[in-house]
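What follows is one structure encoded as structure tokens, with my remarks underneath.
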Amino acid sequence: MTDSEIKIPITETSNPLTVDIDISSSYDLVGLLHQCDSEIFEGWDSYKSNNIFSDDLIFNLQRVSEKVVDILQKRNPACESVVFSGCGTSGRIGFLTSKSINNLLRNIDYKPCCEYIIAGDDKALLTSQESPEDSPQAGVKALQQICKKKKKVLYIGISCGLSAPFVAGQLLYCMEHLDIFTPVLVGFNPVEQARNNPIEGWNETFLSVVTKLSDVQSAGNGFIINPILGPEAITGSSRMKGGTATKLLLEIIMLNALRQLSSSMELGFVPDEDASHYLTADGAIRCNHLMHMYETVCKETYPQALSGGLHEVIDWAGTSLNAGRHVYYIGIDNIGVLGLVDASECPPTFGADVNDVRGFLFGGYTALENREGDLVIKSCPPVQEIIPIEDTMRRSYRDHQGSELEIGANYFVGTILHSLTPQDTVIFLTSSCSELNPAMKMMVQIVRGKCHQVVVFVCYRDANDTHEDIMPQFFSKIVRIRIPVTPYIRSFMEEEGKKPSWFDLLGVHAARRFAAELSCKLLLNAVSTGAHIQKGKVYKNLMVDLKLSNSKLFQRGIEIVKSLVMCSEDTARASVLRSLYGTNVVSEELKKMPVSEHTRIGSFKTKVIPTSLILASKGCLIHEAMEILLKFPVIRAALAQLWSVSNKTMAHFST
Ligand code: S6P
């Protein structure tokens with residue numbers, strides 16, 4: 001490795017496995033994603049000892065679970081809570097975990113005690129809101145709001161790249177108030193690779209905060225959970241491996257805590273020091289077993305998906321996008337929420353339009369269970385008039401303004417269904433092969449009358465389901481994943497010769513559900529990534545059409561130009577600025593502008609990186625670069641054309 005490569009955090013480096021992912025068949029692409037995901041469990045490169053099964057990590061997970069148990073035992077969520085927080089995908093996975101665990105708690109007559117925070121508030125659950133990620137102050141404000149009057153908080157901040165200022169601000173705040181907060185950081189780089197870029201309006205960097213947290217951890221007052229997973233299949237796309245690992249780590253912490261809660265209730269005593277050693281060792285074993293369950297899920301999902309024809313679905317989705325048509329996910333429960341999440345990630349990652357890939361959920365906001373409720377109504381401006389007029393206006397506002405935030409399957413039926421064409425791809429998502437929501441049954445019939453590319457992803461909760469499989473009555477194409485989790489679930493839950501407790505029953509059900517969700521996430525990520533690759537939005541394994549909507553993405557854009565054109569950092573930066581501002585000259589004034597101004601422009605400006613790449617490699621004027629892109633609207637094709645005549649770059653790619 002060169003010096004500069006060492007400085008690039010692992011989560012931002014290119015995965016050697018996928019450098020040709022953009023020219024792979026969709027069948028091979030699924031295989032590549034499988035290999036990349038295996039690294040989550042096998043460890044990566046020289047960091048194998050920091051893998052997800054490492055003793056230290058499992059021990060930390062168990063310790064965090066114990067902190068959760070302390071909170072659950074108090075049964076006083078007004079004063080004591082677990083808070084999950086993050087930006088983008090990390091915030092969405094935190095939300096999903098808090099929703100699932102709160103529902104589990106309600107089932108056992110406990111008050112829900114999990115809270116979530118996402119940078120950009122609830123609309124960020126559904127749409128890309130990348131810029132709030134850059135504000136530590138916004139992070140602190142959100143945390144203070146959620147934790148008003150709380151006496152004890154287990155704060156779990158997630159930043160896959162150890163990079164989000166929003167999370168750094170919260171971590172520092174927690175460390176300044178250790179009487180209330182226990183800070184936990186989840187991320188996937190070694191601590192020394194935490195981001196060290198200056199943060200506007202703040203005296204700390206992510207690295208300085210993590211260094212402080214390491215000391216707090218040594219004193220037993222905080223935790224850093226940072227297994228090394230290896231680089232993403234699409235460079236920097238932490239929604240993939242990062243999101244997967246976040247999901248399983250949070251679930252393991254919470255399931256293990258519930259199991260411990262059930263044991264201590266059965267034992268009926270507060271464990272003394274010796275017993276608590278025993279419980280800790282026992283809990284660590286359970287965490288390990290659960291981890292194996294998730295490993296099996298990843299291992300089994302891809303081959304089963306290929307035999308069900310996932311590669312064909314990717315081709316359909318790619319054809320839809322290339323024809324200017326759409327990919328729709330329509331789902332039930334959390335599986336449906338995962339469809340919303342996957343769709344929301346396409347605009348920042350691939351420069352996609354919000355309507356290219358869209359998710360819909362049966363039950364809409366009621367099923368989403370987000371804190372702010374119906375966001376379409378919420379975004380409607382206040383109306384002073386009498387109520388009937390307000391209703392009419394709200395309805396009309398709903399029709400015209402808020403469509404991006406419409407997530408209900410009803411909206412799909414009322415507004416999109418009639419305009420479906422044979423070139424759209426519709427993917428239904430469910431986790432049962434024997435039941436189908438009646439509304440979904442009706443919808444499938446109509447959709448199949450209009451559109452040829454209709455499929456269902458069924459991720460089973462129960463591998464031994466003996467109910468009648470009704471899916472073939474409704475779908476000609478079924479991608480079916482059976483989850484073979486039973487041995488791991490058994491060893492996790494059941495003790496020999498013992499009658500199953502309430503948790504044995506509830507926990508088994510929850511673990512199966514989580515396993516099914518993980519399978520579904522992998523399928524969805526494969527479809528949206530594969531389809532955008534086919535649309536030419538990826539060059540080699542780089543997201544060459546990303547939106548520069550926050551400081552991390554701005555820096556990533558510069559790195560992409562630097563590495564593809566093999567130019568200096570200064571040339572890459574100048575090309576990005578020229579492209580952003582549409583200018584041939586980078587003035588001194590422009591050079592001095594804060595990154596926040598560049599990312600403000602980058603949030604709405606399209607094709608910034610493709611234009612920068614042409615500017616940097618051809619040394620041409622801005623209008624010439626734009627003409628090339630007009631002639632070759634598919635970015636991959638434009639770059640291939642450009643570099644087929646550039647000996648320098650060809651030499652680079654042949655090495
Ligand atoms: C990544 C996704 C982004 C990230 C977000 C937070 O594929 O598009 O929205 O989740 O930037 O990243 P991190 O590293 O703080 O978890």
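These figures come from a predicted structure and were not determined experimentally. Ligands are counted one by one from 1 in listed order, and the atoms in each one are counted from 1 as well. Values below: every heavy atom of this structure, side chains too, minus hydrogens, waters and symmetry copies.
- Protein heavy atom closest to atom 6 (C) of ligand 1, with residue, atom name and distance, is Cys87 O, 3.2 Å.
- The closest side-chain heavy-atom distance from Val341 to Phe95 is not below 4.5 Å.
- The nearest heavy-atom contact from the protein to atom 15 (O) of ligand 1 is Ser159 OG, 2.7 Å.
- Using a cut-off of 4.0 Å between Lys/Arg side-chain N and Asp/Glu carboxylate O, Glu517 and Lys521 are scored as not salt-bridged.
- Scanning all protein heavy atoms for the shortest distance to atom 3 (C) of ligand 1 gives Glu130 OE1, 4.0 Å.
- No donor-acceptor pair under 3.5 Å is formed between the side chain of Ser54 and the backbone N or O of Asn50.
- Inclusion of Cys160 in the set of residues having an N or O under 3.5 Å from an N or O of ligand 1 is warranted.
- Of all the atoms in ligand 1, the ones that sit under 4.0 Å from a non-hydrogen atom of Ala164 are 15 (O).
- Within ligand 1, counting atoms from 1 as listed, the ones closer than 4.0 Å to a heavy atom of Gly88 are 9 (O), 10 (O).
- A salt bridge does not link Asp121 to Arg371: none of the charged side-chain nitrogens sits closer than 4.0 Å to a carboxylate oxygen.
- Surrounding NZ of Lys141 are at most 12 heavy atoms belonging to other residues, nucleotides or ligands under 6.0 Å away.
- Looking at Glu232 and Lys241, no side-chain N of the basic residue comes within less than 4.0 Å of a carboxylate O on the acidic one, giving no salt bridge.
- At least one heavy atom of Ser237 sits closer than 4.0 Å to an atom of ligand 1.
- Looking at Gly161 next to ligand 1, an N or O pair under 3.5 Å apart turns up.
- Neither the backbone nor the side chain of Met240 has a heavy atom within less than 4.0 Å of ligand 1.
- When hydrogens are left out, the protein atom nearest atom 16 (O) of ligand 1 is Ser90 OG, 2.6 Å; that is the closest non-hydrogen contact.
- The pair Lys547-Glu130 fails the salt-bridge criterion, with no side-chain N (NZ, NE, NH1 or NH2) lying under 4.0 Å from an Asp/Glu carboxylate O.
- Here Arg239 has heavy atoms under 4.0 Å from ligand 1 in both its backbone and its side chain.
- Nearest protein heavy-atom neighbour of atom 8 (O) of ligand 1: Thr349 OG1, 3.9 Å.
- Taking only nitrogen or oxygen atoms, main chain and side chain alike, Lys552 reaches within less than 3.5 Å of ligand 1.
- With salt bridges taken as basic N to acidic carboxylate O contacts below 4.0 Å, none links Arg556 and Glu559.
- For Glu133, a nitrogen or oxygen atom sits less than 3.5 Å from a nitrogen or oxygen atom of ligand 1, counting backbone and side chain alike.
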Under 3.5 Å, side-chain donor or acceptor atoms of residues 155-167 against the rest of the protein: list the pairs with distances, not counting sequence neighbours.
unit_1: Tyr155; atom_1: OH; unit_2: Gln170; atom_2: OE1; d: 2.6
unit_1: Ser159; atom_1: OG; unit_2: Ser163; atom_2: N; d: 3.0
unit_1: Ser159; atom_1: OG; unit_2: Ala164; atom_2: N; d: 3.1

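- More than 12 heavy atoms of other residues, nucleotides or ligands shown are found within 6.0 angstrom of NZ on Lys605.
- With hydrogens left out, the protein atom closest to atom 1 (C) of ligand 1 is Ser238 OG, 3.3 Å, a heavy atom.
- Among protein heavy atoms, atom 10 (O) of ligand 1 sits closest to Thr89 N, 2.9 Å.
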